[in-house]
S.K.: 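One structure follows; several queries about it will come next.
Index from 1, following the sequence.
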Amino acid sequence: MHKLFNTSKQSLSDFFDSLSEDDIQDCCSPTIYQRGADYYDADDVYQATYNKEKTLLKAIVSGNKEYAITISLGNGSVSGSCTCPYDGVCKHLVAALLFASDMFEIEIEENESKEAGDNFQQYLQTLSKDELMALVEKFAPDRFRTEVKNKFTDPGSAQQVFRKVEQKIRRLFENDRLMQSFSDFNDAIDSELAKLSGLEKPLQKELEKFLFELMQKIETAEENGELYEYDNDWGYAPSAFFNEFFAGFVASLDNVQKTAFLAKLDAALQEQSYSTFEGLRDAANSAFSDDDLPHLKNTLAAEYQNLSQKLTGIYYDRVHHLLSYKEKTAILSVLSEQNSKRMIELATLYDAGGELSKAIETLKNRFAANRDFFSYDEDVHSLYLDFLQKGNHELSEVAAEIIVRCPTQTMLTKIISLTGDDPARYELLLEQKNNVELLRYLQNNNRLHEALALVNRRPGMSDSSVNDFFKAHKSLFPDDAAAYFSKVIEKNLQSTGDRYYEAITDAIRHMMKVNPSKANEYLNHIRTTYKRRSNLMAMLNKL
């Protein structure tokens, strides 16, 4: 979560009612703001809902794929996060903020949708068998009708259908136009696979072989630059129906065949260069019924040291409630070697089993063996500190090591709360290792004069962090902010290009709020001296 705004409002709806575009511009760069505005203008924000108290807003923003936005209100501030990989306030978050600031009456949908579903179920229960059959006849999709028909098809006819479908799908790969649009390609694949719905049992061997061949042909096409939509920068992804069909095939197998098939699938996925079909592991796993779980548990207990980490994890999550304490700890010991979530699970299990010292030793050994891998992993280090405190261990020296290994503001907060030591020592260590995180810590604790001193004594601090600091606190430090914005303007005037012009425009916009005369002086100077930079002139004119 990134802290975005301070507020005294008690609900997000009240906060967004007072939020201006200028406020949103203050929390991000000009480029990010413009891209977010483009997403908003294109109506790419949807499914926005509040929780009951209107302290949490969730929304979806459609970019190269769908990204989930969360905006929360608490402790006098508004924070936001996005599932995209961008570190900071991203364009998707900006789009959601613009959406929320314009759409004051976002509905609370969770309870309403549940109530609608309950009413629908109650209505269906009032219908007679004949009435239900009439509804099925009227509304059943063609794919469902095909599936029912196929369930009564004789083996010879099933083979004929399969051969026709196989031939048509093979010909799809020879269609150059189709191979340049994976969405059209998926529609064509789905249309043919639907003809095989209901034939999974009589065509078990044929379908297994064909599905693996289809995956390989698609990967070969990807390696050849096909099945990629260059206009949208979208790579190939199998359709939802393909995943459903795949899961349906696995469901038709008995429990021994299922584990054998999933092992074969896992091996095939490890050999592929792309992650196109990674979701098939989960699709196949969903086909295991409760009746399959005892066999799955026995397979896992016997084979976990020979299975891949991914397959072991999938099996473990499905049957862990059937495993003994000894089996769980043995399997988690393997899974936790390169997985912090599993390491936390293992240590917590040891602690719950009355083996606190073993939990501490496990975490300590993992740190020693995988120091680089577990650096910056706050959850693991936080749990380690909790266990040390629970075991009455001395924390000061360990805490000093941890703040160096995991130099974040939240870890510093944790250490100070647990140790009760003078925070100056740990703050100094954090400054030496990650001064940007210390800056965030000081701001979150409203120690703004100390934050300014940090900015002034750390000239090498990242430009974006310093820029964000002065944009957020320019009213408190007007002279320092004006001096900083002057440097930004002077520096970027030395280069040409829109990203430099955007930085100049943004700096002048902020300077207008703390030193209008100096801002106007820059405007006049730039319009006179750099008037041939037409893009820069256009941006300044918007001010």
Side-chain angles (χ1 to χ4, degrees), residues 1-4 27-29 77 79 81 85-90 336-341 343-344 347 360-389 393-473 477 480 484 487:
M1 279 278 185
H2 298 279
K3 183 177 177 181
L4 303 172
C27 73
C28 63
S29 71
S77 66
S79 301
S81 67
Y86 186 80
D87 183 20
V89 180
C90 65
S336 65
E337 290 178 0
Q338 296 291 329
N339 188 311
S340 59
K341 175 177 173 284
M343 188 160 80
I344 289 172
I360 293 172
E361 194 66 22
T362 295
L363 293 172
K364 183 178 179 181
N365 290 340
R366 289 288 190 274
F367 289 149
N370 300 282
R371 181 174 294 272
D372 292 337
F373 183 83
F374 292 112
S375 291
Y376 278 85
D377 197 312
E378 294 180 345
D379 291 338
V380 172
H381 289 91
S382 180
L383 183 67
Y384 186 47
L385 286 171
D386 286 337
F387 283 165
L388 288 175
Q389 185 188 49
H393 292 256
E394 205 285 324
L395 296 181
S396 296
E397 291 308 312
V398 175
E401 292 177 12
I402 286 178
I403 198 61
V404 172
R405 190 161 58 215
C406 184
T408 67
Q409 56 165 327
T410 48
M411 186 52 60
L412 176 60
T413 301
K414 173 88 176 184
I415 286 171
I416 292 172
S417 69
L418 285 181
T419 63
D421 295 342
D422 180 359
R425 176 193 183 191
Y426 304 113
E427 290 176 8
L428 178 59
L429 289 171
L430 181 57
E431 179 179 348
Q432 293 169 347
K433 192 70 178 179
N434 192 334
N435 52 51
V436 168
E437 283 293 304
L438 179 60
L439 178 62
R440 291 171 180 163
Y441 170 82
L442 294 173
Q443 290 182 90
N444 287 343
N445 287 275
N446 208 32
R447 293 163 57 182
L448 299 179
H449 285 84
E450 292 173 77
L452 176 63
L454 173 63
V455 168
N456 289 334
R457 72 172 175 267
R458 285 288 181 176
M461 187 178 290
S462 74
D463 290 340
S464 61
S465 299
V466 177
N467 194 40
D468 290 344
F469 174 78
F470 282 116
K471 282 165 66 173
H473 307 296
F477 308 115
D480 296 275
Y484 169 75
K487 290 179 182 177

S.K.: Tell me which pairs pass ring pair (Phe, Tyr, Trp, His ring centres under 6.0 Å) where either residue lies in residues 396-421, with sequence neighbours left out.
M.R.: none

S.K.: How many angstroms lie between atom CG of Asn339 and atom CG of Asp377, to the nearest 0.5 angstrom?
M.R.: 9.5 Å

S.K.: My understanding is that only residues two or more places apart in sequence, or in another chain, count here; which of them pass side chain to side chain donor-acceptor pair (under 3.5 Å) with His2?
M.R.: none

S.K.: Ser81: what forms a side chain to side chain donor-acceptor pair (under 3.5 Å) with it, not counting sequence neighbours?
M.R.: none

S.K.: What is the distance from atom CD of Glu378 to atom OG1 of Thr408, rounded to the nearest 0.5 Å?
M.R.: 3.5 Å

S.K.: Considering residues at least two apart in sequence or located in another chain, which fulfil the side chain to side chain donor-acceptor pair (under 3.5 Å) criterion with Asn444?
M.R.: Gln409

S.K.: Identify, with sequence neighbours excluded, every residue that meets side chain to side chain donor-acceptor pair (under 3.5 Å) alongside Arg447.
M.R.: Glu427, Glu450

S.K.: Between Arg440 and Glu437, does any NZ, NE, NH1 or NH2 come within less than 4.0 Å of an OD or OE carboxylate oxygen?
M.R.: yes

S.K.: Mind listing the closest non-hydrogen atom pair of Ala451 and Gln443 along with its distance?
M.R.: CB-CG, 4.4 Å

S.K.: If a pair satisfies ring pair (Phe, Tyr, Trp, His ring centres under 6.0 Å) and one of its residues is in residues 427-451, list it, with sequence neighbours excluded.
M.R.: His449-Phe477

S.K.: How long is the straight-line distance from CD1 of Ile403 back to CG of Leu428, given to the nearest 0.5 Å?
M.R.: 11.5 Å

S.K.: I'd like to check the salt bridge (Lys or Arg N to Asp or Glu O under 4.0 Å) partners of Glu401; sequence neighbours left out, ordered by chain and number.
M.R.: none

S.K.: Keeping to residues at least two apart or across chains, list the salt bridge (charged side-chain N to carboxylate O under 4.0 Å, His left out) pairs with something in residues 414-423.
M.R.: Asp386-Lys414

S.K.: Do Leu454 and Met461 make a side-chain contact, defined as non-hydrogen atoms from C-beta onward lying under 4.5 Å apart?
M.R.: yes

S.K.: For residues Leu395 and Gln389, report the shortest heavy-atom separation together with the two atoms involved.
M.R.: CD2-N, 4.0 Å

S.K.: Apply ring pair (Phe, Tyr, Trp, His ring centres under 6.0 Å) to Tyr384 and list each qualifying residue two or more places apart in sequence or on a separate chain.
M.R.: Phe367

S.K.: Report yes if the side chains of Leu452 and Phe470 come closer than 4.5 Å at any heavy-atom pair, otherwise no.
M.R.: yes

S.K.: Under the side-chain contact (heavy atoms from CB on, under 4.5 Å) test, which residues partner Ser77, sequence neighbours left out?
M.R.: Lys3, Asn6, Ser79

S.K.: Mind jotting down which residue pairs meet the ring pair (Phe, Tyr, Trp, His ring centres under 6.0 Å) criterion with at least one end in residues 400-423? Sequence neighbours excluded, please.
M.R.: none

S.K.: Write down the atom of Pro407, the atom of Val404, and the distance for their closest heavy-atom approach.
M.R.: CD-O, 3.6 Å

S.K.: Testing the basics here: between Arg366 and Ser336, what is the closest heavy-atom pair and its distance to 0.1 Å?
M.R.: NH2-OG, 2.8 Å

S.K.: First locate atom CG of Leu438, then atom CG of Leu412, and finally report the distance between them rounded to the nearest 0.5 Å.
M.R.: 7.0 Å

S.K.: Who pairs with Phe387 by ring pair (Phe, Tyr, Trp, His ring centres under 6.0 Å), at least two apart in sequence or on another chain?
M.R.: none

S.K.: Return the CG to CD1 distance between Leu418 and Ile402, rounded to the nearest 0.5 Å.
M.R.: 9.5 Å

S.K.: Output the distance between atom CZ (Arg458) and atom CG (Leu439), rounded to the nearest 0.5 Å.
M.R.: 12.0 Å

S.K.: Got Leu429 and Gln432 here, is their nearest side-chain heavy-atom distance under 4.5 Å?
M.R.: yes

S.K.: Between Asn434 and Leu430 (side chain of the first, backbone of the second, donor and acceptor by atom type, cut-off under 3.5 Å), is there such a pair?
M.R.: no

S.K.: Just so I know, are the side chains of Tyr484 and Val455 near enough to count as touching, which here means a heavy-atom distance under 4.5 Å?
M.R.: no

S.K.: So which atom in Ile416 and which in Pro423 form the shortest heavy-atom distance, rounded to 0.1 Å?
M.R.: CD1-CB, 3.3 Å

S.K.: Which heavy-atom pair separates Ile415 from Ala399 by the least distance, and what is that distance?
M.R.: CD1-O, 3.4 Å

